[in-house]
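Along the sequence shown, residues are numbered consecutively beginning with 1. Predicted model, so just to flag it, every value in this text is computed and none were measured.
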Amino acid sequence: MVPEHPDAPDAEKAAPALKILVAGGFGAGKTTLVGAVSEIRPLRTEELLSEAGRSVDDTDGVDRKVTTTLAMDFGRITIRSGLSLYLFGTPGQDRFWFLWDELAQGALGTVVLADTRRLEDCFPAVDYFEHRRIPFVVAVNCFEGAGRHDARSVCRALGLDAGTPVVLCDARERDSGKEVLIRLVEYAGRMHTARPLDSVG
């Protein structure tokens, strides 16, 4: 049945959106990055760290962290009229990784945030997205007081596939976070374009 007034708002199709995940280890800055770049007040599911959780959560190197994400963070960026980026920050602790499968469905790509003080925390996220062939970039969050490492040394330390982008950033800075997202969208676009060609060959 054709709508009587096809130009009416309720006849419009839902505006397209690109879904991006922000993943990484506990305390890497995922909530901070989503909050810094989101044009809306981000949805957060943070709770205070409890004494009971201290025996489970490894806070070595992030001693000042007092909250943790239980489900996800959510933010939005409008690219242009009718096209938005939806940002989903994943929980960092391994006991919440069961949520990643749901969050990853339909994702264009992922930002894997890395903290060089706890670089080993990146391995589960890197393995997860490599195994599922979801494009990702590694964004090294340059914390104050942390050792400085260039992108090439981080790439070698993580054993990344050739061509996987590694960028340095400050998750607190909006412009820095936007540069990370631009790199991801560009990389994911190239990867998604190349895959149909791979299947033909």
Side-chain angles (χ1 to χ4, degrees), residues 18-38 57-65 68-69 72-73 75 77 85 87-94 96-97 99-100 103-104 107-195:
L18 302 175
K19 181 180 183 181
I20 288 178
L21 301 187
V22 180
F26 178 62
K30 300 177 294 295
T31 298
T32 301
L33 178 65
V34 172
V37 299
S38 178
D57 299 324
D58 178 12
T59 58
D60 186 38
V62 289
D63 304 335
R64 291 184 292 178
K65 184 171 175 60
T68 186
T69 298
M72 67 172 184
D73 300 308
I77 302 173
L85 281 181
L87 306 173
F88 292 83
T90 67
Q93 301 100 309
D94 54 6
F96 295 128
W97 286 348
L99 294 169
W100 286 23
L103 292 173
L108 174 72
T110 303
V111 174
V112 176
L113 268 178
D115 177 354
T116 56
R117 299 169 300 180
R118 298 160 53 105
L119 196 58
E120 67 280 1
D121 289 358
C122 280
F123 284 112
V126 168
D127 290 345
Y128 181 92
F129 297 111
E130 279 183 343
H131 181 69
R132 287 157 181 80
R133 301 188 69 199
I134 297 173
F136 67 92
V137 302
V138 173
V140 180
N141 193 5
C142 298
F143 287 92
E144 292 177 13
R148 297 291 172 168
H149 302 276
D150 61 26
R152 186 174 299 178
S153 62
V154 172
C155 184
R156 284 198 304 267
L158 292 175
L160 299 177
D161 292 338
T164 302
V166 177
V167 295
L168 306 182
C169 74
D170 184 335
R172 301 167 300 179
E173 298 292 332
R174 180 178 177 84
D175 288 343
S176 183
K178 286 170 70 173
E179 283 300 316
V180 171
L181 296 176
I182 289 168
R183 287 288 298 277
L184 172 62
V185 171
E186 290 173 345
Y187 178 64
R190 291 195 302 271
M191 295 293 288
H192 287 295
T193 300
R195 281 176 187 165

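Note that the OG1 atom of Thr193 and the CZ atom of Arg190 stand 9.5 Å from one another [nearest 0.5 Å]. Taking CG of Leu113 as the start and SG of Cys169 as the end, the distance is 5.5 Å to the nearest 0.5 Å. For the atom pair CZ (Phe26) and CG (Asp121), the distance works out to 9.5 Å, reported to the nearest 0.5 Å. Interatomic distance, CZ of Phe129 versus OG1 of Thr110, reported as 4.0 Å (0.5 Å rounding). Note that the CD1 atom of Ile20 and the CG atom of Leu85 stand 4.5 Å from one another [nearest 0.5 Å]. Between atom CG of residue Leu87 and atom CD1 of residue Ile77 there is a gap of 5.0 Å, rounded to the nearest 0.5 Å.
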Check: Between Arg152 and Asp150, does a salt bridge (charged side-chain N to carboxylate O under 4.0 Å, His left out) hold up when you go through it step by step?
Finding: CA-CA 6 Å; Arg152 186 174 299 178; Asp150 61 26; over 6 Å; no

Notebook entry, point to check: Under the side-chain contact (heavy atoms from CB on, under 4.5 Å) criterion, do Phe88 and Val22 qualify, and how do the steps go?
Noted result: CA-CA 6 Å; Phe88 292 83; Val22 180; over 6 Å; no

Next item on the list: May I have the step-by-step check of side-chain contact (heavy atoms from CB on, under 4.5 Å) for Val167 and Val140, ending in yes or no?
Entry: CA-CA 6 Å; Val167 295; Val140 180; over 6 Å; no

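For residues 158-171, the set of pairs meeting the salt bridge (Lys or Arg N to Asp or Glu O under 4.0 Å) definition, not counting sequence neighbours, comprises Asp170-Arg172.
By the side chain to side chain donor-acceptor pair (under 3.5 Å) test, Asp175 pairs with no residue at all, sequence neighbours left out.
No side-chain donor-acceptor contact under 3.5 Å links His192 to the backbone of Tyr187. Using a distance-only test at 3.5 Å, with no hydrogens or angles considered, no donor-acceptor pair links the side chain of Lys19 to the main chain of Gly109. For the pair Lys30 (side chain) and Asp73 (backbone), a donor-acceptor distance under 3.5 Å is absent. Remark: the backbone N or O of Ala125 is not paired with any side-chain donor or acceptor of Trp100 at under 3.5 angstrom. Remark: the backbone N or O of Leu160 is not paired with any side-chain donor or acceptor of Thr164 at under 3.5 angstrom.
Nearest heavy-atom pair across Cys142 and Leu168 is SG-CB, 4.0 Å. Residues Leu99 and Pro91 share a closest heavy-atom pair of CD1-CG, 3.9 Å. The two residues Cys122 and Val112 make their nearest non-hydrogen contact at SG-CG1, 4.3 Å. The nearest pair of heavy atoms linking Leu108 to Ala188 is O-CB, 3.6 Å. Considering all non-hydrogen atoms of both residues, Leu119 and Ala114 come closest at CD1-CB, 4.0 Å. In terms of heavy-atom proximity, Ala104 sits nearest to Ile134 at CB-CD1, 4.0 Å.
Counting only heavy atoms from C-beta outward, the side chains of His131 and Asp127 never approach each other to under 4.5 Å. Between Leu103 and Leu21 the shortest side-chain heavy-atom distance falls below 4.5 Å. Within the 4.5 Å cutoff, the side chain of Leu158 has heavy atoms near those of the Phe123 side chain.
Annotation: cation-pi geometry satisfied between Arg132 and Tyr128 (NZ/CZ under 6.0 angstrom from ring centroid, within 45° of ring axis).
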